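Quick caveat, the model's predicted, so the values are computed rather than measured. Numbers restart at 1 for each chain; the letters A, B, ... are given by sequence-line order, proteins then strands.
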Number of protein chains: 2
Amino acid sequence: MLEMRMSQGVEWAAHCCLLLDWLDEGRPVPTGKLAAAFEVAPAYLNKQLQALVRADILVSTAGVRGGFELARPLNKITLMDIVAAIEGPEDAFECTEIRKRGPGSSTPERILRMPCQVTTAMRKAELQWRRALAATTLADIGHNVVRHVPKIAENMQRWYASV
Amino acid sequence: MLEMRMSQGVEWAAHCCLLLDWLDEGRPVPTGKLAAAFEVAPAYLNKQLQALVRADILVSTAGVRGGFELARPLNKITLMDIVAAIEGPEDAFECTEIRKRGPGSSTPERILRMPCQVTTAMRKAELQWRRALAATTLADIGHNVVRHVPKIAENMQRWYASV
DNA sequence: GTCGAATTACTCGGATATATAATGTCCGAGTCGGGCAGG
DNA sequence: CCTGCCCGACTCGGACATTATATATCCGAGTAATTCGAC
């Protein structure tokens with residue numbers, strides 16, 4: 001059996017953004033600290049954070065006290081933004097137009113111009129997915145977390161001060 | 001940039017099912033003919049069709065006049081069935097529970113039992129996707145095609161008789 | 001004591017390896033159809 | 001001529017390569033803080 005899987009980077013990115021919000025440092029937070037917070041490979045996390053910078057979700061600062069900061073508040077960052085930043089803007093279903101191959105190649109050119117109906121249906125489904133992702137901000141998710149763990153920000157700040 | 005992509009097999013599978021319906025043979029259609037219809041690698045297509053058999057979308061017949069037939073009419077086959085058969089039933093977003101690692105491990109066990117809010121949001125979005133896929137049958141798609149190319153079945157039957 | 005420049009340690013960024021999954025190929029087991037012999 | 005058995009060719013099915021992608025790592029370029037010296 002095969003498996004359509006999303007990159008781990010999406011999960012890492014979302015949690016990192018939430019953590020950056022909770023820490024609420026005035027200064028950049030370096031990759032090493034974020035990696036330590038989730039016990040993941042620092043250099044690989046760095047790569048994902050670079051993608052978030054390119055998507056204007058984070059801003060990076062070089063130098064001795066450098067690191068990453070949120071480029072805008074969490075209520076301006078949607079899950080769609082995160083997914084698009086890490087996975088790219090392409091659709092999951094890629095149409096290779098096999099309908100045009102073989103005997104299909106002899107159908108009138110006027111008709112071949114019309115979109116593939118299989119692809120159209122797939123696109124509609126993916127659109128629903130993207131709609132839901134775009135409708136959810138990281139602020140929404142953070143709010144749900146705080147509802148269950150009110151002291152999450154305080155806990156994370158205390159931990160950050162100790163490392 | 002990375003890329004979350006769905007297997008090509010999904011596209012092949014959908015088009016093969018449509019073709020099987022249009023051909024409307026009383027007998028099984030072998031892999032070779034289906035592969036010729038779309039100019040794809042026969043052995044690899046065979047692999048995808050096997051998955052459809054395991055999912056009870058097609059039935060296979062061995063032997064000299066063997067091949068594949070639809071296990072049920074197109075209005076009983078949804079895009080969700082196709083995707084699940086080829087890609088597997090797992091969610092695209094896989095939660096690795098990184099919230100429990102690092103400082104998160106010291107939070108009360110009672111809270112860690114609750115689901116990850118990032119994952120919950122992702123699941124909701126995927127559910128919308130699955131809903132749309134499950135709401136679309138291959139009969140719907142086939143109907144849309146016939147609307148633009150009324151003679152599609154006749155064309156395919158004529159081609160099939162000639163190969 | 002204050003200012004400024006060189007130094008140094010730290011961080012991001014991209015180039016480079018490795019692991020894993022998707023893609024593609026090949027060969028064996030099974031089976032149906034036809035041919036052949038016998039009645 | 002009809003019937004039943006045997007043979008052979010064709011097809012699926014899964015095991016086996018190959019290629020592409022995701023994962024992981026490493027090192028260089030650049031920067032900001034710090035230190036050291038001069039005024």
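A side-chain hydrogen bond (donor to acceptor under 3.5 Å, both in side chains) check over residues 118-132 of chain A, counting only residues at least two apart or in different chains, returns the pairs Asp91(A)-Arg123(A), Asp91(A)-Arg130(A), Glu126(A)-Arg130(A). Applying the side-chain hydrogen bond (donor to acceptor under 3.5 Å, both in side chains) test to residues at least two apart or on different chains, the pairs with a partner in residues 95-109 of chain B are Glu11(A)-Thr96(B), Glu97(B)-Arg99(B), Glu109(B)-Arg113(B). Within the structure, ring-ring contact (aromatic ring centres under 6.0 Å, His included) pairs that include any residue of residues 14-37 of chain B comprise His15(B)-Phe38(B) (at least two apart or interchain).
The side-chain hydrogen bond (donor to acceptor under 3.5 Å, both in side chains) search around Thr78(A) returns Asp81(A), not counting sequence neighbours. Taking Asn144(A) as the reference, Arg147(A), Gln117(B) meet the side chain to side chain contact (heavy atoms under 4.5 Å, CB included) condition, with sequence neighbours excluded. Scored by the side chain to side chain contact (heavy atoms under 4.5 Å, CB included) test, Glu69(B) finds Pro28(B), Val59(B), Thr61(B) as partners (sequence neighbours excluded). Glu94(B) pairs by the side-chain hydrogen bond (donor to acceptor under 3.5 Å, both in side chains) definition with nothing, not counting sequence neighbours. Every residue meeting the side chain to side chain contact (heavy atoms under 4.5 Å, CB included) condition with Pro73(A), not counting sequence neighbours, appears here in chain and number order: Asn75(A), Lys76(A). Remark: Thr137(A) pairs with Asp140(A) by the side-chain hydrogen bond (donor to acceptor under 3.5 Å, both in side chains) rule, at least two apart or across chains.
Each of dT25(D), dG13(C), dT23(C) was ranked by its minimum atom distance to the side chain of Val53(A); first place goes to dG13(C). Among the nucleotides dC12(C), dT25(D), dC26(C), the one closest to the side chain of Ala43(B) is dC26(C). Here dG13(D) is the nucleotide among dG13(D), dT23(D), dA24(D) with the atom lying nearest to any side-chain atom of Asn46(B). Between dA22(C), dG14(C), dT25(C), one nucleotide has an atom nearer to the side chain of Gln50(A) than all others, and that is dG14(C).
The nearest whole Å value for the distance from the CD atom in Glu87(A) to the C1' atom in dT21(D) is 11 Å. One atom, OH of Tyr44(A), and another, P of dT20(C), lie 13 Å apart when rounded to the nearest Å. Whole-Å rounding puts the Gln8(B) CD to dT19(D) P distance at 17 Å. In this structure, Glu94(A) places its CD atom 14 Å from P of dA20(D), rounding to the nearest Å. Atom pair Leu45(A):CG and dC12(C):C1' shows a separation of 12 Å (rounding to whole Å applied). A straight line from CD of Glu11(A) to C1' of dT23(D) spans 15 Å, rounded to a whole angstrom. Separating the CD atom of Gln48(B) from the P atom of dG13(D) is a distance of 13 Å, rounded to the nearest angstrom. Note: CG (Leu52(A)) to C1' (dC12(C)) measures 14 Å, nearest angstrom.
With values rounded to the nearest 0.5 angstrom, Phe93(B) atom CZ is found 11.5 Å from Met4(B) atom CE. Here the straight-line distance linking atom CG of Leu58(B) with atom SG of Cys16(B) works out to 8.0 Å at 0.5 Å rounding.
Taking 3.5 Å as the limit, the base of dG14(D) and the side chain of Lys47(B) contain no donor-acceptor pair of atoms between them.
The backbone N or O of Ile86(B) sits nowhere less than 3.5 Å from a side-chain atom of Gln48(B) that would complete a donor-acceptor pair.
Remark on the helix from dG1(C)-dC39(D) to dG39(C)-dC1(D): inter-end axis angle 0°, axes from five-pair C1' superpositions, rounded to 10°.
A heavy atom lying under 4.0 Å from DNA chain D marks the following residues of residues 24-40 of chain B, by number: Pro30(B), Thr31(B). Of the residues in residues 56-69 of chain A, those placing a heavy atom less than 4.0 Å from an atom of DNA chain C are Ser60(A), Thr61(A), Gly63(A), Val64(A), Gly66(A), Gly67(A), Phe68(A), in numerical order.
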